[in-house]
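All values below were derived from every heavy atom in this structure, side-chain atoms included, with hydrogens, water molecules and symmetry-related copies excluded. All residue numbers in this chain count up from 1 along the given sequence. Order of appearance sets the numbers: ligands from 1, and atoms from 1 within every ligand.
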Amino acid sequence: MKRRYKIAGGILIFFGVAITTLALVLSHNSACGPAPAISGETVLMKAIVYRCYGSPDVLNFEDVAKPTPADDEVLVKVVAASVNPLDWHVMRGSPYLIRLGSGLSAPNDSGMGVDFAGTVEAVGKNVKRFKPGDEVFGGRDGAFAEYVTIPEDRALARKPANITFAQAASVPIAAITALQALRDKGKLKPGHKVLINGASGGVGTFAVQIAKSFGAEVTGVCSTRNVDMVRSIGADHIIDYTREDYTESGKQYDLIIDMVGNHSLMANRRALTPEGIFVIVGGPKGNWLGPLMGPIKALMLSPFVDQEFGLLLAKLRKDDLAILGDLMQAGFVTPVIDRRYRLSDVPVAIRYSEEGHAQGKIIIDIE
Ligand SMILES: NC(=O)c1ccc[n+]([C@@H]2O[C@H](COP(=O)([O-])OP(=O)(O)OC[C@H]3O[C@@H](n4cnc5c(N)ncnc54)[C@H](OP(=O)(O)O)[C@@H]3O)[C@@H](O)[C@H]2O)c1
């Protein structure tokens, strides 16, 4: 065999072994470890924790150490939290690629939940924006707990007085995602025609209302049982996906926000105006490439067409929380709340979220 074939063969074998090893490491689930010992003097709180990847059975309702705020942190007594698909993605460590951030064969951090609303109980000595007694909402890992600490300059904002803690807790991930998809990726302008695929879920119910507040003409895609709800939050037109396929209707939109990923990009191209924008927010479940195929195809297609296809990765920002607070205060956005669960029932709430048919947001009431 010629030398260059030997080298090429060696490189192929090397990459094959490396990819197989990475795949085995990423997909390996370690056994659940024991709860760490807690000393007798530690002040405790109740929280949902997990020490291994898996189904909601890996979630435990336990006593853990109550956090104390660092100099730049705020300690919040959580009144309500909310569930997002992100919670069961990190619980399962799926798709496996997220384990590069969350921990290879077991989670690095045992806390669960992100969205919360509550009352500031204490602040570190350098904190300027908040004081004990302030009603706040925000996003921080470990929100399925009685208390959470968060640096004051992170995703934390004052709760508008006219909304409840449960409504405020429903906002951070879902509403920020909707806002950034419409405003930043979607470049939404008054009068634009926007289609929201998945209008009845957590992100969708915010997207419909935020798009209306921007002066857009909104079409919501949902199933029959959600038609009245999606109309009631302001959608101008409804497409019942059990009866009609929006990509086959002949209508075209300036912007499509897709929470579902159930139509090909070529089909979505037909439903876009010649310079329309398609924003991928959600897609099919899967441990490997399944959820990534939409974004990969979008990346490959975009340079060759006038329409824009892109993936949104939402970022929790305090300025966007403040904007959403103003929209709620002014009555443009009212969170839609589906089922409510107690903290100890987070595993049941997550099972419900995993079914993929939430009607608005799922709330956890912390008592
Ligand atoms: N990229 C990001 O930064 C980001 C941020 C947040 C969320 N996400 C992703 O966005 C997706 C949506 O999140 P979410 O919080 O809104 O989820 P969710 O609250 O669980 O909502 C799911 C909704 O999708 C609807 N749906 C299911 N099949 C549908 C179909 N074929 N056509 C239209 N609607 C359909 C369901 O309505 P029916 O019951 O009527 O079927 C349900 O209301 C998830 O995949 C999530 O992981 C991404």
Identify, by atom number and element, the atoms of ligand 1 in contact range of [X], meaning under 4.0 Å from any of its heavy atoms.
| X | result |
| --- | --- |
| Leu313 | 3 (O) |
| Thr177 | 4 (C), 5 (C), 6 (C) |
| Arg225 | 39 (O) |
| Asn197 | 32 (N), 33 (C) |

Are any of the N/O atoms in [X] less than 3.5 Å from those in ligand 1?
| X | answer |
| --- | --- |
| Gly202 | yes |
| Val203 | yes |
| Leu86 | no |

- What is the distance from atom CD1 of Ile196 to atom CG of Leu255, rounded to the nearest 0.5 Å?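 Answer for the CD1-CG pair, Ile196 versus Leu255, is 7.0 Å.
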- Message: Could you measure the distance from the CZ atom of Phe309 to the CG atom of Leu301? Nearest 0.5 Å is fine.
- Response: 5.0 Å
Nearest-neighbour protein heavy atom for [atom], which is reported as residue plus atom name and distance:
| atom | answer |
| --- | --- |
| atom 39 (O) of ligand 1 | His357 ND1, 2.7 Å |
| atom 32 (N) of ligand 1 | Tyr241 CD2, 3.1 Å |
| atom 1 (N) of ligand 1 | Leu312 O, 2.7 Å |
| atom 37 (O) of ligand 1 | Ser200 OG, 3.1 Å |

- Query: Out of Pro291, Ser223, Pro295, whose heavy atom is nearest to atom 40 (O) of ligand 1?
  - Reply: Ser223
- Query: Which option out of Gly201, Ala174, Pro85 puts a heavy atom nearest to atom 15 (O) of ligand 1?
  - Reply: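 Among Gly201, Ala174, Pro85, the closest heavy atom to atom 15 (O) of ligand 1 comes from Pro85.
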- Basic-acidic side-chain contact under 4.0 Å: Lys125, Asp71: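 Asp71 and Lys125: salt-bridged.
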- Query: His192 and Tyr253: aromatic ring centres closer than 6.0 Å?
  - Reply: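 No.
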- Query: Got more than 12 heavy atoms from elsewhere within 6.0 Å of CZ, Phe332?
  - Reply: no
- Message: Is the terminal nitrogen or CZ of Lys66 (NZ for Lys, CZ for Arg) located under 6.0 angstrom from the six-membered ring centre of Tyr147 and within 45° of that ring's axis?
- Response: yes
